[in-house]
2 protein chains.
Amino acid sequence: MAKVEFNITCSLCDHLKDSLFNGLGPEDLSRINNNKTCVQYKKGQNIFYEGTRPTGLYCMNAGKVKVFKNNVQGKEFIIYIAKPGDFLGYRALLSEEFYQATATVLEDAKICFIPKENFFEVLQKNPTFMKRVVKAVCHEMGTMEEKLAELAHKSVRERLAANLLMLKETYGMEGEGSSLIDLALSREDLASIVGTATETVIRLLSEFKSDGLIAFEGKKIRVIDAKKLAKQADLIVA
Amino acid sequence: MAKVEFNITCSLCDHLKDSLFNGLGPEDLSRINNNKTCVQYKKGQNIFYEGTRPTGLYCMNAGKVKVFKNNVQGKEFIIYIAKPGDFLGYRALLSEEFYQATATVLEDAKICFIPKENFFEVLQKNPTFMKRVVKAVCHEMGTMEEKLAELAHKSVRERLAANLLMLKETYGMEGEGSSLIDLALSREDLASIVGTATETVIRLLSEFKSDGLIAFEGKKIRVIDAKKLAKQADLIVA
DNA sequence: AATAAAAGATGATTTTTGTCAGGTTTCATC
DNA sequence: GATGAAACCTGACAAAAATCATCTTTTATT
C-alpha cells in the first residue's frame, strides 16, 4: 500500500480548536504547518512501532488510531485511542526514548507528521505552549493512575462498564436519552482495552444487552442506560 | 503530633545530585532554598490527601513515602514509592487539578515544601529545567504504561516477581550475589503494589522463599536469585 | 512484664475468569 | 453468489485468585 499524501493548512484545520496547537501564534503555527507532511492511512496500517525511535510528532486530522503494547504471548493491551485533534507519539518523543507501544489505524485516518526539530523549536520558543503541553501530559498521567487502580482492584464486569462509560464520554454521539459510541471496535479490541479475554467481553456485553443497559447498532454500541451502567462500574453492590 | 521543622540548604543537600533540581543555577536554587519549609514526619503521617488542592511541591530529603489511591471498599493501590531526591505531588500541581492520591510516610521522613509560586517561577524562567521536568514526567508515564499492560495480562505470581525485581533496582543494596531491598514493606503494602490480596502475597512469598529465590531479613526482603525471579516474572513458562 | 493490637500465616471454600473446543454469522473478494 | 476468512458466540471445564475463618507471631502500649 503506497502512502497517500494530502495537504491541509493548520490554521484552517477543523480540529485546531481541539488540539494543543490551539492558541499558537501565527508565526509558530506556520512553522509547524510549513514543515509537516500529511498522509492518509487505511484501516490496519501502522503509524509507528514499539522499539523504534521517534523522529517527530503525529497530529490526527481524521480517523481513529489505537496505541497498544503486545505482551509475550501476543496479547494486546490498548493504552489509548486517538481521535482527530490528538497528538500521537509525544510521550516517547519528549522522554527521548524509543516507542514503547505500537500505533495502528482503527478507522481510516489522516495524520500529519511534524519533524521533531520543528516541534521542539516551537516548544522552546513558546513557554505558554510548553506549559500547555506539560499540563496535558500530567492530566493524561492522572487518567493512567485511575486506570491502574481500576485494573488492580475492579472485576472485569466493573471495568467493562467503566470503559463503556468512558468511551461514551469521548466518542459518544448524543441521541434521545441514549448515546452511540462512534467507534467501530471489535470485541477483541474492547477486550484489549478492558484487559480481559475476548470471550469474557462477549458474554458480559450480551448480559448488559439483555439487561437493557446497551444495544448493538451494526459494529457500534449504544449506551441506553448510563445510570445502571455506572452502578455496574462503581461496585456499589447495593 | 506536632510538626517538627528542620532546615537544610538545597545546595548542600546530599540528594541534590539525584534530584531534578540538579543543574539549576545558583540563583534559581537559592530561590527554591529561601522559600522552602522543611518538616520531619513520622511513619504513618500523611503528606497530602486525595481530593485536596496542591499548594506547592514536596521534595524528599529522607525516608520513604507511599502514594496511593483508595477504592470504594477501602483497598489501597500504591502508585509509587518516593525516596530521597524524588519530587512528590508534582503531577496534580502541573495539571492544575486536585490530588488524585494520598501520600503517607512509610519510613520516618524529612520533606521540604516549595510553594507553587516559587516553583513555577523557576520553571518558567528556566527552559532547561522545564525540559528536564517534562522529560522526567514523560519517562514516568512510560513506566506507568508498562505497569498497565502488566496488570492487564500477567498473573499475580508474575507481577509479584516483576515488582520484587523493580524494587530491587530502586531500593536494592548490593551484597555478594544477592541484594537487600531496603524498604520496610508490610505484606499488605506489597499486596497494594502488586494489586492483589494480602493472603496471596504471603503464600507466593513463602513459595519464592522455599524455592530459594528470596529470603526474609527482619521486615525486609533479600533477593537471592534474580535470574530465577526474572523467569517467574517474564512468563517464559519454558 | 502484661496486654492489646497489628501483622503474618495457613487451610478450606467459592467466585471469577481464562482457556479450549466447537459452532454460527458476517464480510470481503474473486 | 460462491468461497474463505475473520469475527462473533456458546458451553464445558480448569485454573487462578479472592474470601472467610482461624491461629500464631510480632510489635506497640500501658
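Computed from heavy atoms alone, side chains included, the values below leave out hydrogens, waters and symmetry copies. All chains are named by letter (A, B, ...) in the order of the sequence lines, taking the proteins before the strands, and each is independently numbered beginning at 1. Remember, it's a predicted structure, so these values are computed and weren't measured experimentally.
Counted by atom type alone, A/Ser95 and A/Glu97 present one or more donor-acceptor pairs between their side chains at under 3.5 Å. At a cut-off of 3.5 Å, with distance as the only test, no side-chain donor of B/Thr143 or B/Glu146 sits close to an acceptor on the other residue. In this structure, a donor-acceptor pair under 3.5 Å is absent between the side chains of B/Arg187 and B/Thr198.
Between B/Ser186 and C/dA6, a side-chain N or O to OP1/OP2 separation shorter than 4.0 Å is absent. An OP1 or OP2 oxygen of C/dT17 is reached within less than 4.0 angstrom by no side-chain nitrogen or oxygen of A/Thr196.
Rounded to whole Å, the distance from CG on B/Leu190 to P on C/dA7 is 14 Å. In this structure, CG of A/Leu204 is placed 17 Å from P of C/dT15, rounded to the nearest angstrom. A/Ile202 has its CD1 atom 16 Å from the P atom of C/dT17, to the nearest Å. Between the CZ atom of A/Arg157 and the P atom of C/dT16 there is a distance of 8 Å, given to the nearest Å. At whole-Å resolution of the value, CG in B/Asp189 and C1' in C/dG8 are 13 Å apart. A/Arg187 places its CZ atom 12 Å from the P atom of C/dC27, with the value rounded to the nearest Å. The interatomic distance linking B/Glu188 (CD) with C/dA6 (C1') rounds to 10 Å, in whole Å. Between the CG atom of B/Leu185 and the C1' atom of C/dA6 there is a distance of 16 Å, given to the nearest Å.
Comparing A/Leu205 and A/Ala152 by the nucleotide of DNA chain D that holds the closest heavy atom to each, the one mapping nearer the 5' end is A/Leu205. Nearer the 5' end of DNA chain C, as judged by each residue's closest nucleotide, is the contact made by B/Thr198, out of A/Glu199 and B/Thr198.
A/Tyr99 and A/Phe48 have parallel rings, their planes meeting at less than 30° on a 0 to 90° scale where 60° marks the start of perpendicular.
To the nearest 0.5 angstrom, A/Met173 atom CE is 6.5 Å from A/Lys220 atom NZ. One finds the CE atom of A/Met141 at 10.5 Å from the CD atom of B/Gln100 (value rounded to the nearest 0.5 Å).
The two residues A/Gln232 and A/Arg157 have their closest heavy-atom pair at OE1-NE, 2.8 Å.
Exactly one residue among A/Lys42, A/Lys43, A/Lys64 makes a salt bridge (charged side-chain N to carboxylate O under 4.0 Å, His left out) with A/Asp108. That residue is A/Lys42.
If you walk DNA chain D from 5' to 3' and mark each nucleotide with an atom closer than 4.0 Å to a heavy atom of chain A, the marks span D/dA7 to D/dA12.
Contact check on A/Arg91 versus A/Glu140 returns no salt bridge, with no Lys/Arg side-chain nitrogen under 4.0 Å from an Asp/Glu carboxylate oxygen.
Taken over five-pair windows at either terminus, the axes of the helix from C/dA1-D/dT30 to C/dC30-D/dG1 are inclined to one another by 50° (rounded to 10 degrees).
Between the side chain of B/Arg203 and the base of C/dG11, a donor-acceptor pair under 3.5 Å is found.
The side chain of B/Lys219 lies closest to C/dA7 when the candidates are C/dA7, C/dT10, C/dT19.
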